[in-house]
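As structure tokens, the structure follows; a few thoughts come after it.
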Protein chains: 2
Amino acid sequence: MEEKRECREDTLPLPPEVEKSLCRCGGIAGLVERLPEDETLARASALHRALADPLRLKVLAMLAVQPLCVCVIKAVLGIADSKLSYHLGVLRKAGLIAGEAQGNWIVYRLTDDGAAWAARPGMSHDDRSDTVDAERSRPAAGRRSRTSAE
Amino acid sequence: MEEKRECREDTLPLPPEVEKSLCRCGGIAGLVERLPEDETLARASALHRALADPLRLKVLAMLAVQPLCVCVIKAVLGIADSKLSYHLGVLRKAGLIAGEAQGNWIVYRLTDDGAAWAARPGMSHDDRSDTVDAERSRPAAGRRSRTSAE
DNA sequence: ACATTAGTTCAAAATAATTTGAATTAGAGG
DNA sequence: CCTCTAATTCAAATTATTTTGAACTAATGT
């Protein structure tokens with residue numbers, strides 16, 4: 001039952017730079033230990049999925065200004081009832097917003113989680129738009145495929 | 001050319017609570033002015049879309065430990081080459097990681113953006129898993145549909 | 001009771017993202 | 001030159017998300 005951590009990944013040839021640092025962190029086994037649990041990853045990715053749509057981000061931005069009933073949100077976005085309802089449902093199920101009935105209306109507001117995300121950088125009203133794009137994305141800067149270009 | 005901002009949204013009956021605060025912020029027009037531009041929303045949602053997958057978050061977590069070649073990432077995740085390549089492509093196009101050729105290998109590392117996101121709460125290794133869930137999501141707490149339940 | 005308004009739900013259709021496996025490229029080494 | 005390995009690309013198949021329009025529910029007012 002020796003648990004002394006082996007340094008070399010004997011079964012896998014590696015680039016020297018990677019092998020050295022991987023060695024210092026306990027090899028592949030050591031690396032794996034440092035990763036979040038699968039459930040943590042699942043929850044985080046689900047959250048991002050809820051935020052992965054411009055309409056939904058716009059709804060969050062609106063609710064960051066003040067609580068609103070569905071009819072106002074609809075008036076601003078100019079989309080069909082059922083479509084809006086779908087997107088509100090996505091945000092609600094993700095725990096980012098909550099709705100409360102008021103007479104014949106439903107007033108939605110941000111939850112604490114929702115408020116935290118609505119305040120995130122890249123979302124504020126007066127945000128840089130630098131457009132560094134292009135030059136981004138390419139397999140490995142000078143290797144593989146002439147067929148590049150997006 | 002009067003630009004005095006009207007308070008009442010005459011065309012749209014609203015719940016009193018909403019109407020009052022909407023009034024204070026310049027009505028629907030005032031609300032719209034406070035929203036991020038569409039391009040900002042598009043960029044932010046694209047970013048979240050890249051983060052909206054557990055495998056990809058795991059890759060970010062791995063690269064947060066140290067730069068790695070594709071073969072090590074593959075060994076940890078245990079998925080097919082082409083599948084991994086696809087996900088690396090998504091992260092690369094989102095500007096979260098970058099790859100550099102080293103001999104026959106490609107070593108990927110986090111970009112500054114990638115490092116910022118990998119460090120985000122909800123992603124750290126020893127993170128709470130509280131599971132408040134259930135009780136979340138429901139149209140409006142006591143209105144509409146008996147057909148509830150997810 | 002009836003009609004209206006505000007929102008949700010459902011199922012089908014349209015789109016988009018992901019997975020799979022085969023083909024391909026490029027570097028290393030014999 | 002040939003082969004091996006590392007990794008990417010492509011196209012087809014699968015799966016997930018989004019959109020649409022019609023049907024529905026609940027509250028409000030008459």
Side-chain angles (χ1 to χ4, degrees), chain A residues 11-16 18 45-46 48-56 59 68-75 77-94 97 99-108 137-150, chain B residues 11-16 18 45-46 48-56 59 68-75 77-94 97 99-108 137-150:
Chain A
T11 51
L12 195 59
L14 298 178
V18 170
S45 65
H48 284 295
R49 194 155 34 251
L51 296 165
D53 182 287
L55 277 181
R56 292 198 289 267
V59 170
L68 294 169
C69 58
V70 178
C71 52
V72 169
I73 302 176
K74 180 188 162 174
L77 297 183
I79 62 178
D81 280 347
S82 65
K83 184 170 174 177
L84 177 51
S85 218
Y86 166 75
H87 286 291
L88 290 174
V90 172
L91 291 171
R92 184 158 28 77
K93 285 168 193 163
I97 67 175
E100 183 196 4
Q102 291 201 7
N104 206 12
W105 296 280
I106 296 180
V107 177
Y108 277 97
S137 172
R138 204 156 343 189
R143 199 178 165 264
R144 277 170 234 285
S145 88
R146 230 165 323 93
T147 331
S148 56
E150 296 296 315
Chain B
T11 51
L12 194 61
L14 297 178
V18 170
S45 65
H48 284 296
R49 197 158 31 252
L51 295 165
D53 182 287
L55 278 180
R56 291 197 290 267
V59 170
L68 294 168
C69 57
V70 178
C71 52
V72 169
I73 302 175
K74 180 187 163 175
L77 297 183
I79 62 178
D81 280 347
S82 65
K83 184 170 175 178
L84 177 51
S85 217
Y86 167 73
H87 286 292
L88 291 174
V90 172
L91 292 171
R92 185 158 26 80
K93 284 167 194 164
I97 66 175
E100 183 197 3
Q102 291 203 5
N104 205 11
W105 295 280
I106 296 180
V107 177
Y108 276 97
S137 172
R138 204 155 345 190
R143 198 178 164 261
R144 280 171 233 286
S145 87
R146 232 165 322 90
T147 332
S148 56
E150 294 297 311

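Owing to the predicted nature of the structure, the values given are computational and were not obtained by experimental measurement.
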How many angstroms lie between [atom1] in [X] and [atom2] in [Y], if you round to the nearest 0.5 Å?
{"X": "A:Leu55", "Y": "A:Leu77", "atom1": "CG", "atom2": "CG", "value": "6.0 Å"}
{"X": "A:Cys71", "Y": "A:Asn104", "atom1": "SG", "atom2": "CG", "value": "9.5 Å"}
{"X": "B:Ile73", "Y": "B:Leu88", "atom1": "CD1", "atom2": "CG", "value": "5.0 Å"}

Item to check | B:His87 vs C:dT19: side-chain N/O to OP1/OP2 distance below 4.0 Å | outcome: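 For C:dT19, OP1 or OP2 has a side-chain N or O of B:His87 closer than 4.0 Å.
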Next on the checklist: Does D:dA6 have OP1 or OP2 under 4.0 Å away from a side-chain N or O of B:Tyr108?
Outcome noted: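 No.
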Nearest-Å distance, [atom1] ([X]) to [atom2] ([N])?
{"X": "B:Ile73", "N": "D:dA6", "atom1": "CD1", "atom2": "P", "result": "14 Å"}
{"X": "A:Tyr86", "N": "D:dT20", "atom1": "OH", "atom2": "P", "result": "13 Å"}
{"X": "B:His48", "N": "C:dA17", "atom1": "NE2", "atom2": "P", "result": "16 Å"}
{"X": "B:Leu84", "N": "C:dT18", "atom1": "CG", "atom2": "P", "result": "14 Å"}
{"X": "B:Glu100", "N": "C:dG27", "atom1": "CD", "atom2": "C1'", "result": "15 Å"}
{"X": "A:Leu77", "N": "D:dT19", "atom1": "CG", "atom2": "C1'", "result": "15 Å"}
{"X": "B:Ile79", "N": "C:dT20", "atom1": "CD1", "atom2": "P", "result": "9 Å"}

Picking from [options], which would you name as closest to the side chain of [X]?
{"X": "A:Lys83", "options": "C:dG7, D:dT20, D:dT8", "value": "D:dT20"}
{"X": "A:Asp81", "options": "C:dT19, C:dA6, C:dG7", "value": "C:dG7"}
{"X": "A:Ile106", "options": "C:dG7, D:dA22, D:dT8", "value": "C:dG7"}
{"X": "A:Cys69", "options": "C:dG7, C:dT19, D:dT8", "value": "C:dG7"}
{"X": "B:Trp105", "options": "D:dA6, C:dG7, D:dT9", "value": "D:dA6"}

Show the distances under 3.5 angstrom between N or O atoms of the protein and N or O atoms of nucleotides 28-30 of chain C.
none

Checklist entry - Can A:His87 and A:Asp53 be said to form a side chain to side chain contact (heavy atoms under 4.5 Å, CB included), step by step? => result CA-CA 9 Å; A:His87 286 291; A:Asp53 182 287; 3.8 Å; yes
Checklist entry - Short question: side chain of B:Arg56, backbone of B:Ala50 - any donor-acceptor pair under 3.5 Å? => result yes
Write out a two-atom table: protein N or O, nucleotide N or O from nucleotides 11-16 of chain D, distance below 3.5 Å.
none

Next on the checklist: Suppose we screen for side-chain contact (heavy atoms from CB on, under 4.5 Å). Which residues come up paired with B:Pro15, at least two apart in sequence or across chains?
Outcome noted: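 B:Pro15: side-chain contact (heavy atoms from CB on, under 4.5 Å) contacts with A:Cys69, A:Gln102, A:Trp105, A:Val107, B:Val18.
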Checklist entry - Under the side-chain contact (heavy atoms from CB on, under 4.5 Å) test, which residues partner B:Ala80, sequence neighbours left out? => result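 So B:Ala80 forms a side-chain contact (heavy atoms from CB on, under 4.5 Å) with B:Lys83.
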Checklist entry - For B:Arg49, what residues pass the side chain to side chain donor-acceptor pair (under 3.5 Å) criterion, not counting sequence neighbours? => result none
